[in-house]
Amino acid sequence: MKKLSIVIPCYNEEATIRSFLEETQKVEKQMSDELVFDYYFVNDGSKDKTLAVLRELSAYFKNVHYLSFSRNFGKEAALLAGLEAADGDFITVMDVDLQDPPELLIEMYSKIKQGYDVVGTRRADRKGEPFIRSLFARTFYWLINKISSTEMVDGARDFRLMTRQVVDSILELGEVNRFSKGLFSWVGFDVTYVAYENRERIAGKSSWNFWSLLRYSMDGFINFSEAPLNLSMWAGAVSFITSIIGIIIVIARKLTVGGSVSGWASIICIILFIGGLQLLALGIIGKYIAKIFLETKKRPVYIIKEKG
Ligand code: UDP
Ligand code: MG
């Protein structure tokens, strides 16, 4: 029988793991004539009793496995560790807070049987999400799809069902700075989406705040687009050409009607403008160099302290 591996990153989730497993096991029963399930929980350096809960569950259920990191490495690292460990014919990635409804797996698997390689999920709406967060999220997707050739679907969750072949391709991408939303889409294959209504997490709280999301979206831009670099190059080109025209005008005026000392304020404005532009461009270049720096160190993406 074919095997489905479920990868579940967990960070401070002692309150949700048991209900997650219970709900998912109901689906496991419903699908038991087609698939066997196994679970790979990844404890991403939780500070609560997540690890204790995982130890207990994996001792009790023989298809529950866990990996535990030496510290918090972030969800991207947890996803990677889980995908590397999972050995199923099909692999899915789920949040533990039941915002990714396990019963969708049935519909998703039927699409896989129709011949798709990847079945993603997307939220039909952003109900229950703060207005500002929705606004920024929408702007992010709009902008990144404009400037990056890798398509990212608005509202697409990380919750997706993939064939072995797709996961192997994702694992071949050896980058240290991992932006999964982009990597999943970059590998291609036949992808379809299942839409569902947004759900609130059952317990605990989201580990994302406004700033961490902003940083995350910056990573998306830097990892999947050269547009910020092009932008600063064009801004530089425009200001250079403008200054050449300015110099010609100044010289011509000196030779014809004579120079003047007025215009001090405007000169200061221009100096500040150009200075600002240069710093901005340097900052953007610096961002890319920082990524290259991290990439060349070839540090491991995560460190596993305990397995079970
Ligand atoms: N998570 C993780 N490491 C982190 C932050 C989050 O493994 O540093 C996990 C978390 O336990 C959950 C999933 O990633 O299973 C999604 O996190 P969360 O629900 O906080 O994000 P949201 O649903 O609000 O986007
Ligand atoms: Mg969540």
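Note that ligands are numbered from 1 as they come in the structure, with each ligand's atoms numbered from 1 the same way. Index from 1, following the sequence. Predicted model only: the values in this text are computed from it and were never measured.
In this structure, atom 25 (O) of ligand 1 lies nearest to the protein heavy atom Trp208 CD1, 3.6 Å. The closest protein non-hydrogen atom to atom 23 (O) of ligand 1 is Gln99 OE1, 2.6 Å. Nearest protein heavy-atom neighbour of atom 18 (P) of ligand 1: Arg201 NH2, 3.4 Å. When only non-hydrogen protein atoms are considered, atom 1 (N) of ligand 1 lies nearest to Tyr11 CB, 3.7 Å. The single protein non-hydrogen atom nearest to atom 12 (C) of ligand 1 is Glu13 OE2, 3.4 Å, given as residue, atom name and distance. Among all protein heavy atoms, the one lying closest to atom 5 (C) of ligand 1 is Ser207 OG, 3.2 Å. Protein heavy atom closest to atom 7 (O) of ligand 1, with residue, atom name and distance, is Pro9 CB, 3.3 Å. Looking only at heavy atoms of the protein, atom 16 (C) of ligand 1 is closest to Asp95 OD2, 3.3 Å.
Counting heavy atoms under 4.0 Å from ligand 1, residue Asp44 touches it through the side chain alone. Under 4.0 Å from ligand 1, the heavy atoms of Asn72 that appear belong solely to its side chain. Counting heavy atoms closer than 4.0 Å to ligand 1, residue Lys75 contributes atoms from both its backbone and its side chain. If you look at Asp97 next to ligand 1, the close heavy atoms, those under 4.0 Å, all belong to the side chain.
Close placement of the Phe221 and Phe140 rings is indicated, their centers lying within 6.0 Å of each other. Between Tyr109 and Phe90, the ring centre distance stays below 6.0 Å. The six-membered or imidazole ring of Phe210 lies near that of Phe136, with a centre-to-centre distance under 6.0 Å.
Near Cys10, the atoms of ligand 1 lying under 4.0 angstrom from a non-hydrogen atom of the residue are 7 (O), 11 (O). Counting atoms of ligand 1 from 1 in the listed order, those under 4.0 Å from a heavy atom of Val96 are 15 (O). For ligand 1, the atoms lying closer than 4.0 Å to a non-hydrogen atom of Gly74 are 3 (N), 8 (O).
Of all non-hydrogen atoms in Ile106 and Gln30, the two that sit nearest each other are CD1-OE1, 3.1 Å.
Look at Lys75 and Asp95 and you find a salt bridge, because one of the NZ, NE, NH1 or NH2 atoms lies within 4.0 Å of a carboxylate O, short of that distance. For Arg164 and Asp168, the salt-bridge test passes: some basic side-chain N is under 4.0 Å from an acidic carboxylate O.
For Asp97, the N, O or S atom with the smallest separation from the Mg ion (ligand 2) is OD2.
Looking at ligand 1, you won't find any N or O of Met94 less than 3.5 Å from one of its N or O atoms.
If you check the side chains of Glu28 and Asn63, you find a donor sitting under 3.5 Å from an acceptor. At a cut-off of 3.5 Å, with distance as the only test, a side-chain donor of Glu84 or Tyr302 sits close to an acceptor on the other residue. No side-chain N or O of Glu22 forms a donor-acceptor pair with one of Ser19 less than 3.5 Å apart.
Ring planes of Phe41 and Tyr39: parallel class, angle under 30° (limits at 30 and 60°).
Cation-pi geometry between Arg18 and Phe20 is not satisfied (NZ or CZ under 6.0 Å from the ring centre, within 45° of the ring normal).
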